[in-house]
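Take a look at the structure set out below.
Any value given below was found using the heavy atoms of this structure, including those in side chains, with hydrogens, waters and symmetry copies removed. Both ligands and their constituent atoms are indexed starting at 1 by order of listing.
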Amino acid sequence: MIYSILLAIAGLASQVSAACSRATLREVAAAYVEAQVGGKLTLLSLASNTSYAENDKPMDITKGVLSQPIAIDFNRSIYDTTQCATFTELTSATSKHPYVIYTRMLLTEDASQITKIESVVTDSGDWAFNATGHLYWTRQEKWDPIPESQLG
Ligand SMILES: *[C@@H]1O[C@H](CO)[C@@H](O)[C@H](O)[C@H]1NC(C)=O
Ligand SMILES: *[C@@H]1O[C@H](CO)[C@@H](O)[C@H](O)[C@H]1NC(C)=O
Ligand SMILES: *[C@@H]1O[C@H](CO)[C@@H](O)[C@H](O)[C@H]1NC(C)=O
């Protein structure tokens, strides 16, 4: 009897730790920001077969923008605990090479490993690119939860 209760508790515990929590996703996104700041892929918990693409083009992550350091002026992330995914906006306006980068990351169900990274990378020469202007406007945006009274 005690044995089966213990088993049940162990099962419950593993279910809880298998959940993709907002707190874990926040950590994963923060690690992504730090990885980009330092150009340090080692800060990311990648799966052995993580797919990586920039602007819809699959590429070698070690040759991508994420492997080079970029000073970030502003970042914002949103978290999807249902799909176990993150979405992060990075704005680098005051660096020598300004960028605006949007990145979606998909994780394993327990959020322990990143399985897919997709980035939209824009920089000088791209249509309407203006990192300074983007920084100015994005800083004023509020992405707080919408109060239920204002829904629908
Ligand atoms: C990566 O490997 C895992 C485990 O082996 C597998 O389930 C998954 O489908 C693979 N993903 C890709 C994109 O190949
Ligand atoms: C990213 O945004 C968070 C939250 O606003 C902030 O605390 C952190 O310093 C930012 N990171 C960088 C590299 O700017
Ligand atoms: C970029 O945006 C800033 C701030 O809105 C503006 O002052 C500047 O003229 C813009 N630059 C270009 C090249 O459009």
Could you check whether any side-chain N or O of [X] sits under 3.5 Å from a backbone N or O of [Y], counting only pairs where one atom can act as donor and the other as acceptor?
X: Thr115; Y: Thr108; value: no
X: Ser119; Y: Glu54; value: no
X: Ser21; Y: Thr24; value: yes

Under a strict 4.0 Å criterion on non-hydrogen atoms, which protein residues are in contact with ligand 2?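 Within the 4.0 Å shell of ligand 2, which is judged on heavy atoms, sit Val33, Val37, Ile72, Asn75.
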
Provide the full list of side-chain hydrogen bond (donor to acceptor under 3.5 Å, both in side chains) pairs with a residue in residues 121-132, sequence neighbours left out, each pair given once.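 Matches after skipping sequence neighbours: His97-Asp123.
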
Side-chain donor-acceptor contacts of residues 140-152 below 3.5 Å, not counting sequence neighbours, with atom names and distances?
unit_1, atom_1, unit_2, atom_2, d
Gln140, NE2, Tyr136, O, 3.2
Glu141, OE1, Trp143, NE1, 2.9

What about Asn130: any of its N or O atoms under 3.5 Å from an N or O on ligand 3?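 Indeed, backbone or side chain, Asn130 has an N or O that close.
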
Counting only pairs under 3.5 Å, give me each side-chain donor-acceptor contact of residues 32-40, with atom names and distances, residues two or more places apart or in other chains.
unit_1, atom_1, unit_2, atom_2, d
Tyr32, OH, Thr103, OG1, 2.6
Gln36, NE2, Val65, O, 2.9
Gln36, NE2, Gln68, O, 2.9

